[in-house]
Every structure is written in C-alpha cells, then in structure tokens.
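Just so we're on the same page: letters track the sequence lines, and every chain starts at 1.
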There are 2 protein chains.
Amino acid sequence: MLLDVICNLDFHFTPEDLQTALADQGCNMALTTIYRNLPSLENAGIIRRTTFMEEQERGASTYEHIWGKPHHDHLLCQNCGQKIEFQYDALEVLQEEVARQHGFTLLRHHMELVGLCPQCQESAP
Amino acid sequence: MLLDVICNLDFHFTPEDLQTALADQGCNMALTTIYRNLPSLENAGIIRRTTFMEEQERGASTYEHIWGKPHHDHLLCQNCGQKIEFQYDALEVLQEEVARQHGFTLLRHHMELVGLCPQCQESAP
DNA sequence: CTGTTATTGCTAATGATATGCAATACGTAG
DNA sequence: CTACGTATTGCATATCATTAGCAATAACAG
Ligand SMILES: [Mn+2]
Ligand SMILES: [Mn+2]
Ligand SMILES: [Zn+2]
Ligand SMILES: [Zn+2]
C-alpha cells in the first residue's frame with residue numbers, strides 16, 4: 001500500500017503527506033510505521049530524501065519517488081516555494097571534475113539552486 | 001565574545017561547539033543565548049548555515065564563518081567525514097545558466113559533493 | 001491448526017530548537 | 001553618579017520531528 005501510494009504521488013512528499021494519501025485510500029497507517037519503512041525504500045533506491053536547506057527551518061523532511069526516473073536536481077523559488085526539476089549534464093561533468101581534482105571518487109551530490117521564479121520577480125521586485 | 005570566538009574558529013561549528021569555545025575563554029553563555037544570536041549573525045552575513053544533507057541524520061546544524069571570505073562549496077568524504085572547500089567558477093557559471101533557462105533570478109545555492117577521499121578509497125575499496 | 005517470525009500501533013523517550021518570563025546588564029538623561 | 005527605560009540573558013518549559021520499547025497482531029511455514 002505504501003509503495004503504491006508513493007508511486008502515485010508525483011510531487012515531493014513528507015511522511016505525513018504519505019499518511020494522508022494512504023488514508024484517502026482507506027488505509028490507516030501509523031506515522032511510526034511510515035517512518036520505519038522509509039529508510040528501506042530509500043536503500044532500495046525507490047525514493048530519495050530531498051530535504052532542502054532552503055526549507056529546512058522547521059518542518060519534516062521530504063522525499064521523492066525516483067524509481068526508474070533519471071537523476072535531476074532542483075531549482076527553488078524563494079518566494080512561492082515552487083520547485084523545478086532539471087537535468088544539466090554539463091554540471092554533472094564539472095562536479096566529477098572537481099572531485100577528481102581532489103582525488104575523490106564522487107558517489108552522489110545534493111544541489112539546490114535558490115532564486116525567484118518569473119512570476120515572483122514581477123510581484124516582488 | 002561570541003563574535004570573537006566565531007572569528008577564531010576556522011572550521012565548521014555547531015551551536016554547542018561555540019558554547020565550548022566560549023567556555024574555554026572563560027565566558028559561560030547559555031545555549032539558548034547562542035541559538036538566539038546565530039540568526040542575527042547569519043543575517044549580518046558573518047556566518048552561513050551549512051547543514052549538510054550528508055550528515056543531517058541526527059545532530060545539530062552547523063555554521064561557518066564567511067565574513068570576508070570568498071564563496072565556496074564543499075566536497076565531503078562519506079567515510080571519514082572530512083570536508084574540503086573548493087571554488088570552481090565554471091560551476092557557478094553553469095548554475096546561472098540553468099536558472100536563466102528557467103527564467104529564474106539566482107540568489108544563492110547549496111551544493112555538496114559526496115564521495116570517498118583518497119585515503120578512504122584505499123582502506124575501504 | 002499451531003508454533004515461529006516479522007510487522008504494526010501505541011506510548012513514551014530523544015534531541016534540537018524555540019518561548020515565556022523574571023532577573024540582570026546597559027545606556028542615557030538628569 | 002544615579003535613577004529609569006530598554007535590550008539581553010538564563011532558566012525552565014514547550015515544541016516538534018523522529019526513534020525506541022514493547023505488547024498485540026498479522027504473515028508464514030510445516
Ligand atoms: Mn525532484
Ligand atoms: Mn566551508
Ligand atoms: Zn515564485
Ligand atoms: Zn575519507
């Protein structure tokens with residue numbers, strides 16, 4: 001059930017979002033159970049924790065469904081909270097380059113770009 | 001005193017690290033007070049919160065002294081926790097490019113590269 | 001059907017951070 | 001310096017996300 005609900009969510013979600021989505025399907029799962037299962041799903045490569053430094057002040061961490069989807073990073077609007085997913089291979093290549101320069105083997109990265117979306121640039125200039 | 005201690009720390013620190021460093025100088029400051037003053041120092045551009053997704057699981061957030069220092073990002077060793085600071089202008093340029101492609105005005109970013117340092121590559125291959 | 005093991009829910013513990021408030025330090029006008 | 005209003009502290013307590021303990025329940029295998 002948990003897996004099913006996760007696969008049908010297309011946006012980033014918190015453990016509580018999952019509980020709500022499950023409840024909508026008639027499945028009442030304790031939050032504790034959800035918290036207990038998230039690490040397994042993460043290790044299995046089905047979800048990824050995407051807690052953004054930008055929104056970290058207070059509040060639960062967020063995850064996203066990544067099974068079968070290509071890697072992407074995020075662009076966030078500081079004002080409206082909108083999240084845009086992007087892929088930019090040249091960036092990934094440069095990250096590898098930085099790691100190599102320091103003799104590191106790069107395993108993964110977390111990159112978030114924070115700015116103002118087109119709409120928010122106008123309304124709050 | 002707080003400001004003084006921060007300026008003499010050259011590594012990333014937690015609020016508790018600050019308390020310890022202050023105590024070493026003979027100044028006993030309540031943790032509450034430190035927590036209360038960190039946001040001001042951050043707004044003033046003296047420190048920056050650098051909580052890494054990599055070490056976020058449990059534990060306090062970390063800050064670093066940035067006043068007068070040029071911008072940098074971090075390369076972390078997953079195994080030994082070592083942090084390396086780097087500047088790589090080409091990366092920053094590409095980040096701007098991504099933002100522009102989506103009509104965003106880029107304000108800041110958070111990037112952490114996680115991998116294995118040279119030493120840890122040998123000991124845990 | 002029955003004993004064995006894995007998963008759940010409930011409740012209470014943790015640990016970082018925030019808040020209420022009274023006590024103290026500070027800065028300034030007299 | 002001296003008294004008073006304001007800003008800053010410390011202490012105790014609240015919050016809130018996440019975890020742990022444990023007994024109840026479901027899943028599984030023979
Ligand atoms: Mn995403
Ligand atoms: Mn740094
Ligand atoms: Zn916006
Ligand atoms: Zn290492």
Side-chain angles (χ1 to χ4, degrees), chain A residues 1-7 9 11-66 74 76 81 83 110 112, chain B residues 1-7 9 11-66 74 76 81 83 110 112:
Chain A
M1 288 254 84
L2 188 58
L3 192 64
D4 183 65
V5 160
I6 285 174
C7 290
L9 284 176
F11 46 96
H12 295 211
F13 54 84
T14 62
E16 244 188 299
D17 289 336
L18 284 181
Q19 190 180 43
T20 304
L22 281 165
D24 289 347
Q25 303 293 301
C27 171
N28 284 65
M29 187 178 292
L31 208 45
T32 305
T33 304
I34 295 173
Y35 270 107
R36 244 186 314 233
N37 290 14
L38 287 178
S40 315
L41 293 170
E42 193 176 6
N43 291 333
I46 296 176
I47 59 176
R48 160 169 81 138
R49 196 159 62 92
T50 53
T51 308
F52 299 112
M53 165 148 268
E54 178 66 12
E55 359 183 88
Q56 184 61 34
E57 331 253 5
R58 151 179 303 281
S61 45
T62 61
Y63 291 80
E64 68 179 335
H65 177 212
I66 56 168
H74 301 93
L76 288 74
K83 299 179 189 50
H110 174 80
E112 65 192 85
Chain B
M1 287 254 84
L2 187 59
L3 192 64
D4 183 66
V5 160
I6 285 175
C7 291
L9 285 177
F11 46 96
H12 294 213
F13 53 85
T14 62
E16 244 188 298
D17 288 338
L18 284 181
Q19 190 181 41
T20 305
L22 281 165
D24 289 348
Q25 303 293 302
C27 172
N28 284 64
M29 187 177 295
L31 208 45
T32 304
T33 304
I34 294 173
Y35 271 107
R36 245 187 312 233
N37 289 9
L38 286 179
S40 315
L41 293 170
E42 194 177 4
N43 292 332
I46 296 175
I47 60 177
R48 159 169 81 139
R49 198 159 61 95
T50 53
T51 308
F52 298 112
M53 166 147 267
E54 178 66 12
E55 3 182 84
Q56 184 62 32
E57 332 251 5
R58 146 181 303 283
S61 45
T62 62
Y63 292 80
E64 69 179 336
H65 177 212
I66 57 168
H74 302 93
L76 290 73
K83 299 178 189 52
H110 174 80
E112 65 192 85

*Tell me, for nucleotides 9-21 of chain C in 5' to 3' order, what letter each nucleotide earns: B for a base near a protein heavy atom under 4.0 Å, S for only sugar-phosphate near one, - for neither?*
BBB----SSSBB-
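- Rounded to an integer number of Å, the gap from B/Met1 CE to D/dT8 C1' is 16 Å.
- Side-chain atoms of A/Asp17 come within 3.5 Å of backbone atoms of A/Thr14 as a donor-acceptor pair (strictly under, hydrogens ignored).
- Within a 6.0 Å sphere centred on CD of A/Glu42, other residues, nucleotides and ligands contribute more than 12 heavy atoms.
- The two residues B/Gln19 and B/Leu31 make their nearest non-hydrogen contact at NE2-N, 3.5 Å.
- Checked by atom type, the side-chain pair B/Ser40/B/Asn43 shows no donor-acceptor distance below 3.5 Å.
- For the salt bridge (Lys or Arg N to Asp or Glu O under 4.0 Å) test with B/Lys83, the passing option among B/Glu112, B/Glu55, B/Glu54 is B/Glu55; the others fail.
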